[in-house]
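Quick notes on the structure that follows.
The figures that follow rest on heavy atoms only: side chains count, while hydrogens, waters and symmetry mates do not. Letters A, B, ... are given to chains in the order of the sequence lines, protein chains preceding strands, and every chain is numbered from 1.
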Amino acid sequence: MTENTQPPASGPHAAPADLPTQYTPADVEGKLYERWVERGYFTADAESAKDPYTIVIPPPNVTGSLHLGHAFEHTLIDALTRRKRMQGYETLWQPGMDHAGIATQNVVERELAKEGKSRHDLGREAFVERVWQWKAESGGQISGQMRRLGDGVDWSRERFTMDEGLSRAVQTIFKRLFDDDLIYRAERIINWCPRCLTAISDIEVEYQDDEGELVSIRYGEGDDSLVVATTRAETMLGDTAVAVHPEDERYAHLVGRTVRLPLTDREIPVVADEHVDPGFGTGAVKVTPAHDPNDFEIGRRHGLPQLTVMDERGNITVHGPFQGLDRFEARSAVVAALRAEGRIVAEKRPYTHAVGHCSRCKTTVEPRLSMQWWVKVDPLARAAGDAVRDGRVAIHPKEMSSRYFEWVDNLHDWCISRQLWWGHRIPVWYGPDGEVVCVGPDEEPPAGEGWHQDTDVLDTWFSSGLWPFSTLGWPERTESVEKFYPNSVLVTGYDILFFWVARMMMFGLYAMDGTPPFHTIALHGMVRDQFGKKMSKSFGNAVNPLDWMDAYGSDAVRFTLARGANPGVDVPIGEDWVQASRNFANKVWNATRFALLNGATVEGPLPSPEELSATDRWILSRLNSVVAETDAYYDDYQFAKLSDALFHFAWDEVFDWYVELSKTTFAAGGRPAELSRRVLGEVLDVTLRLLHPVIPFVTEELWTTLTGGESVVVADWPADSGFRDAEAEREIEAVQRLVTEVRRFRADQGLQPGQRVPATLDLTGTGLAAHEEAMRALLRLQAAGDGFTATATLPVGGATVALDLSGAIDVAAERKRLTKDLAAAEKELAGTNAKLGNEAFLAKAPDQVVDKIRARRATAEEDIARITAQLARLPQTLAGPVGGAS
RNA sequence: GGGUGCAUAGCUCAGUGGUAGAGCGCCGCCCUUACAAGGCGGAUGUCGGCGGUUCGAACCCGUCUGCACCCACCA
């Protein structure tokens, strides 16, 4: 007998008895992963004749480590690619990382700050060198986590968005866009982060409701005054006009004249502009062209001066009492000064309004007039929208398409320059006489006195937008580009639909002659805690996936994540659920252990159905159904459904019913046992292969042991043989119903599960005679007795199976239960009768439905007859209870 | 301000017109020789409220309430 103390099995064809009774993930995971990598299973060959299947990793930030959300995403991608690999595709699961410009720079700057230094102390070159150093130190963390998770990526192709090849891609696309007039430089209002000291794009701004103070200020004097309202009083220092609506009669007399701007000696014009809503507030708006995007536009329309009153850190620069104050200090100071002058007409506090914050550091964004580089997105975004509209790219789940369209159809030009040091430097050189030259990747930058390169770098998403092809070697026409572009599917979270997905669409279509970067966008949700709350470090509910992998194994973590993955929907996950998955992995382990102990085999051809028992035919029929079902779910990215289907098939049908029913066969030996051993081997072989993409480790360990095969990683994906046996399925369902019914009866009677009960089992006419031995074993029935007979009507040939459980009857309990069942059956009969008596129903309901109702009525009638008969017999069998009944 | 989605068992969620489901949790009995990380049995829901369509509604329509998320230049 095997004891828990046995060492774990290793390698193919381990003696079955060597398998310990519990699965220990740590014993196999690392070993197996290294074996897979060494054997090159994950290496994608661009010269292969096989059809390609490609998924690129959504590149994690090089600064970070993987959180549960990554583990989730990787599980899905890994499952998809593992299945395709088994299906015979040349599969590329492309790994890599993103340089994450602003995020990484911030991290390294924080490191420097600990040493009391700023990046300026190092200078640009040394700072960038320092970031590379940081990357070298922390980048390995992510790949380590990916290995633990089992990600079947092609490590030989690992890329980083700052790699030389990828820099060439960036320069190439920049040059093309520049030459096509799709990149331009312009001075505009941009979102400026006064802490990061860089421009950020619209989507890097997060709006939150902040409490502010809305003050109303009187500009001008007497009859010629008007009142404007603002939450940013300090910007009034930069006002260069007041705007009113052209048809607003209240202010008609002022348009074209000027009013004096309080706290200054400036007179500013009153202009009429359609943008102003006369119904809002006083209908008069202060105009600060250099510090507000709307005002900027108004200023442009009216030729107003743009007066910048703040520096890059948000400090007031205009001479006077406010000079040097930061914007928030200035705000109070300005209000105080205005109040002193009697200019404050009204205050509303608190006043809640949406305020933009830097998505990286949460600092309040300051709109700022600034010279930046822009991508003219109009033609690109239209193409990106059309590719989805005309079906060349499918978004899954399709409800998410509306979000995508909402964005690509209303896109503003994209500000791509960042005042950072870490990133792809803008490949533009400026000459001494104002020349502007965009330098392509193979071109020499202009040399000579007075030439210098633009100091800005590109938005991170500029390079990650090229990821589906830059990783393959583009702009060279490499074999990999030919083979693996377009990618097959993009698997990513809905949260970066705009940041990343839309950019890849725009760049892919533009760079690759109208070929979209992927055929399908499969969007998943966000991982949440067990109560559906967002995971965050500050809230304290964030989980390090490594902790759970250590405790329960990678398979358990993966299975839990896959099981929660309904398309586009957030995934709650708790430790309890990981335990449940661990239990499942252990169950798979033990079921295989049972099979090996009983000589299950995959040798030789599968016996033909004519030779097989109904039990064997049933499980093979079910197996093939599940293969088909799994395929359908995979093709629809229904990870939760496929995991659940496999879970229930494996545990309930194979590991419980089939294994239990087989025990009798194995015990009896002979030809039937031989056949069943082959069937059990087949069922486990296929089930392990079906499970492998989701739980790769335990399935590999077991499959190689069971089959002696090289590796399930490169085994064939199961195919539906088409074998179905409805008759056998009905027969086994009947057995299950009977067994369940009698078990329930036993439990109700207080009989202990292990207690052998004298009983007769009359299966005459049921067609279930072949299962008598198995049922006796499952039901712990002994030789015949006499006395009370409990019966259950089976849907097989309408015959009755009679069970004799003499001496084991608690009459009161049984009467109570039978009475309850009778009431239920009578209710069912009444319900079905009502329905079948309803002419409208009969006229309109489909035949299938009517037949179903008829069948239900028939069953109810049979139940009533049976229960009535049982109740009638009950009082005569007043034998005392035996075994635990009270 | 606009948009989208969600409200189903104690918790987290499946279920797109025909007898209400899963996992976890809960109750009871069992170490039945693959597995106690297990086995068997059981309880639990006016499917958010109100109307409507339909022979029939968790599901379709309207409406109300409560959440969530996304987008947005009303000072």
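Residue contacts for A/Lys827: at a heavy-atom cut-off of 4.0 Å it reaches no nucleic acid atom on any strand shown. When heavy atoms are screened at a 4.0 angstrom cut-off, A/Arg403 is found touching the sugar-phosphate backbone but no base atom.
Listed pair A/Lys835 / B/rU19 fails the phosphate criterion, with no side-chain N or O lying under 4.0 Å from OP1 or OP2. Applying the 4.0 Å criterion to OP1 and OP2 of B/rA37, one finds that A/Gln579 has every side-chain N and O outside that range. Between A/His648 and B/rG23, a side-chain N or O to OP1/OP2 separation shorter than 4.0 Å is present. Between A/Lys587 and the phosphate of B/rG39, there is a side-chain N or O to OP1/OP2 separation shorter than 4.0 Å.
Side-chain atoms of A/Phe498 lie closest to B/rC70 of the nucleotides B/rA37, B/rC70, B/rC69. Distance from the side chain of A/Lys844 is smallest to B/rC55 among B/rU12, B/rC55, B/rA22. In this structure, the nucleotide among B/rG38, B/rC73, B/rG41 sitting nearest to the side chain of A/Asn583 is B/rG38. Comparing B/rC69, B/rC71, B/rG18 against the side chain of A/Pro846 picks out B/rG18 as the nearest. Side chain of A/Asp277, nearest nucleotide from B/rG42, B/rG38, B/rC74: B/rC74.
Atom CG in A/Asp570 sits roughly 15 Å away from atom P in B/rG5 (whole-Å rounding). One can place CZ of A/Phe655 at 15 Å from P of B/rC35, the figure rounded to the nearest angstrom.
Taking the ring pair (Phe, Tyr, Trp, His ring centres under 6.0 Å) definition, one finds that A/Tyr23 meets it with A/Trp589, sequence neighbours left out.
When Watson-Crick and G-U wobble pairs are counted only if both distances are under 3.5 Å, B/rC29 pairs with B/rG39. In this entry B/rC69 has B/rG3 as its Watson-Crick or G-U wobble partner, both defining distances falling under 3.5 Å. If you check B/rC59 for Watson-Crick or wobble pairing at under 3.5 angstrom, you find it has no partner at all. Nucleotide B/rU54 is matched to nothing when pairs are restricted to Watson-Crick or G-U wobble geometry with both distances under 3.5 angstrom.
Of the charged side-chain nitrogens involved, at least one lies within less than 4.0 Å of a carboxylate oxygen, so that A/Glu660 and A/Lys663 count as a salt-bridged pair. Remark: A/Lys286 does not engage A/Asp292 in a salt bridge, criterion side-chain N to carboxylate O under 4.0 Å.
A donor and an acceptor atom never sit less than 3.5 Å apart when one is taken from the side chain of A/Asn838 and the other from the base of B/rC55.
In this structure, A/Arg403 is positioned above the aromatic face of A/Tyr494, its NZ or CZ under 6.0 Å from the six-membered ring centre and within 45° of the axis.
Both A/Thr740 and A/Arg563 lie close to RNA chain B; mapped to their nearest nucleotides by heavy-atom distance, the more 5′-ward contact belongs to A/Arg563. Each of A/Asp202 and A/Pro572 has a nearest nucleotide on RNA chain B; the 5'-most of these lies closest to A/Pro572.
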Name the atoms and distances for all side-chain donor-acceptor pairs under 3.5 Å in residues 838-849 of chain A, with sequence neighbours left out.
{"unit_1": "A/Asn838", "atom_1": "OD1", "unit_2": "A/Ala840", "atom_2": "N", "d": "2.9"}
{"unit_1": "A/Asn838", "atom_1": "OD1", "unit_2": "A/Phe841", "atom_2": "N", "d": "3.1"}

